[in-house]
Amino acid sequence: GEFRFALVTREGKILDIEDRPSDVVFEIQKFKRVQTAFMLPGSITRNDIFALRVKINDKSGSVVFSETYPLSVILS
């Protein structure tokens, strides 16, 4: 499968995060923690971000999980 990340701004814009392919591709064999890092796109600052959207696609590209996590929850 593949992880895809996007930022949701306070104005409601969706900004896709471009990741390195090796960071977002996975196979489910056992439960494991996944960690990645990315630079904020363009002139976006942390104060501009409302939430982080996570999508997981299967090998065919179909979305099997999608959730939006408000930044206030992530950082609390």
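For reference, positions follow the sequence shown, starting with 1.
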Members sharing F50's hydrophobic cluster (side chains within less than 4.5 Å):
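Noted: F50 shares its cluster with V8, I14.
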For D16 and A6, work out which heavy atoms get closest and say how close.
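So the minimum-distance heavy-atom pair works out to OD1-CB, 3.8 Å.
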Which residues share a side-chain hydrogen bond (donor to acceptor under 3.5 Å, both in side chains) with S66, sequence neighbours left out:
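If we apply the side-chain hydrogen bond (donor to acceptor under 3.5 Å, both in side chains) test to S66, skipping adjacent residues, there are no hits.
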State which residues pass side chain to side chain contact (heavy atoms under 4.5 Å, CB included) with F65; sequence neighbours excluded, sorted by chain then number.
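Checked F65 against side chain to side chain contact (heavy atoms under 4.5 Å, CB included); matches are I56, E67, Y69.
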All side chain to side chain contact (heavy atoms under 4.5 Å, CB included) counterparts of S72, not counting sequence neighbours
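Applying side chain to side chain contact (heavy atoms under 4.5 Å, CB included) to S72 gives P70.
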Verdict with reasoning, T9 to L15, per side chain to side chain contact (heavy atoms under 4.5 Å, CB included)
CA-CA 8 Å; T9 69; L15 304 172; 3.7 Å; yes
Can you pull the side chain to side chain donor-acceptor pair (under 3.5 Å) pairs that have at least one residue in residues 40-49, sequence neighbours excluded?
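Sorted pair list: T45-D48.
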Find out if a path of hydrophobic residues (ILVMFWY) with successive side-chain heavy-atom gaps under 4.5 Å connects L75 to V54.
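Looking at the clustering, V54 is in the same group as L75.
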Hydrophobic cluster identity match, I49 and V73, side-chain contacts under 4.5 Å:
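Different clusters.
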Would you indicate whether the side-chain heavy atoms of N57 and S62 approach each other to under 4.5 Å?
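No, side chains not in contact.
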Distance check, rounded to the nearest 0.5 Å: L40 atom CG versus I17 atom CD1?
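It comes to 7.0 Å.
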